[in-house]
K.L.:
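One structure is given below, represented as structure tokens, and several questions about it will come after.
So that the names make sense, note that chain A is the first sequence line, chain B the second, and so on, each numbered from 1.
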Protein chains: 2
Amino acid sequence: MASRNADTSNGAPHLDSVSLAIIEQLQEDGRRPYAAIGKAVGLSEAAVRQRVQKLLDQGVMQIVAVTDPLTVGFRRQAMVGVHVEGDVEAVAEAIAAMDEAEYVVMTAGSFDLIVEIVCEDDDHMLEVINRRIRAVPGVRSTESFVYLKLKKQTYMWGTR
Amino acid sequence: MASRNADTSNGAPHLDSVSLAIIEQLQEDGRRPYAAIGKAVGLSEAAVRQRVQKLLDQGVMQIVAVTDPLTVGFRRQAMVGVHVEGDVEAVAEAIAAMDEAEYVVMTAGSFDLIVEIVCEDDDHMLEVINRRIRAVPGVRSTESFVYLKLKKQTYMWGTR
DNA sequence: AGGATTTCTGCGAAATCCGCAGCGCGATGG
DNA sequence: CCATCGCGCTGCGGATTTCGCAGAAATCCT
């Protein structure tokens, strides 16, 4: 189980329209059979299987179950905006290494970094934000947005 | 294909530890066979299958392919913080109805709403933010954070 | 306790997954 | 020019998984 996380080192692995179509199929249903996908994109079952495996290995996509953490036992979730001085990438790396960080993005705007965190409870969240994120060298300040309710969560950008 | 989107109407469908364990398995690999999951959680193959189907039907989880849109052809992606006056839920509903909105959350903090959008290019993004989101009744102002680079994207909160 | 409902189990049949050998094709280089 | 190599696709069986169903077991409600 070497590389669990996505290959976030944007290698832009050149995706042709067929692979795009395969991804679209799997965005609708991650368990759709290879044969059905093949029929939809005009490829044999084995070819689809090989392409999917490669896309997974390359980290271009992952096939997973996604949930709303708030409905599955986690009490507190938040988006945290981070102001950084110095090497943003290094700070991003450090925060991404934390288990509680689900989502880490470098952005252009008043925040240098946006981080989504999942916590057990208020104490845990306080600990993560104040003791861990703010302790990372280069973090100047943070601003938190605690989640009240998830209204939408989709992955079907391809199907429109 | 009645309800494609998650049941975001927090019905808190009471999940026992076995369903939690099943979700964990599928967070690691959305295509893991039911028999393997059953062995891991102590249930028969058929029982796992029934539970998974129910979790999907209830909208508690979805099994899908997730990608980094920036590596799959979409040029621009952003997080948009929204200040709302009046009925926040209604505004959230309206924005969630837009195809470009991938993720909509009501939050406590300086923003009432946080929205993640995926766009084809700069023009498209400008159109979505200025003409569509800001046109929703109740939206007082917005602040945008354009994505530069996705550093981490995980769904394995359960495996720690 | 009695009955209704839900959940689990244990099949057999059908469909799917998986590995492998072979073929076609473009690029490389002698 | 042609041989070779790399790479992706196809077409197979065999192993595995999925699927539907009927009965047993557990749970809930009155």
K.L.:
How many whole angstroms separate atom CG of B:L43 from atom C1' of C:dT6?
P.N.:
14 Å

K.L.:
Output yes when B:E93 and A:K151 qualify as a salt bridge under the 4.0 Å nitrogen-oxygen rule, no when they do not.
P.N.:
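Looking at B:E93 and A:K151, the cut-off is met.
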
K.L.:
Restricting to nitrogen or oxygen on both sides, can you table the protein-nucleotides 13-17 of chain C pairs closer than 3.5 Å?
P.N.:
residue, atom, partner, partner atom, Å
C:dC17, OP1, B:R31, NH1, 3.2
C:dC17, OP2, A:Y34, N, 3.0

K.L.:
Side-chain N or O of A:K54 less than 4.0 angstrom from OP1 or OP2 on D:dC7?
P.N.:
no

K.L.:
For residues A:Q53 and A:D57, is any side-chain donor paired with an opposing acceptor at under 3.5 Å?
P.N.:
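Yes.
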
K.L.:
Any donor and acceptor pair, going by atom type alone, linking the side chain of A:H83 with main-chain N or O of A:T142 inside 3.5 Å?
P.N.:
no

K.L.:
Rounded off to whole Å, could you give me the CD-to-P distance for the B:Q25 and D:dT17 pair?
P.N.:
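For the pair B:Q25 CD and D:dT17 P, the rounded distance is 14 Å.
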
K.L.:
If you find the nucleotide of DNA chain D closest to B:Q50 and the one closest to A:S44, which residue's nucleotide is nearer the 5' end?
P.N.:
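Residue closer to the 5' terminus by nearest nucleotide: A:S44.
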
K.L.:
Please state how far atom CD1 in B:I37 lies from atom C1' in D:dT17, giving the value in whole angstrom units.
P.N.:
12 Å

K.L.:
Has B:R31 got a side-chain atom pairing as donor or acceptor with A:G30's backbone, closer than 3.5 angstrom?
P.N.:
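Present.
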
K.L.:
From CG of B:L55 over to C1' of C:dT6, roughly how many Å is that when rounded to an integer?
P.N.:
15 Å

K.L.:
So, B:E102 and A:K152, do they make that salt bridge, N to O below 4.0 Å?
P.N.:
no

K.L.:
Would you kindly give the CG-to-C1' distance between A:D57 and D:dG8, to the nearest whole Å?
P.N.:
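Distance check: A:D57 CG to D:dG8 C1' gives 15 Å.
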
K.L.:
May I ask you to check whether A:E116 and A:Y147 show a side-chain donor-acceptor distance below 3.5 Å?
P.N.:
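There is such a pair between these side chains.
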
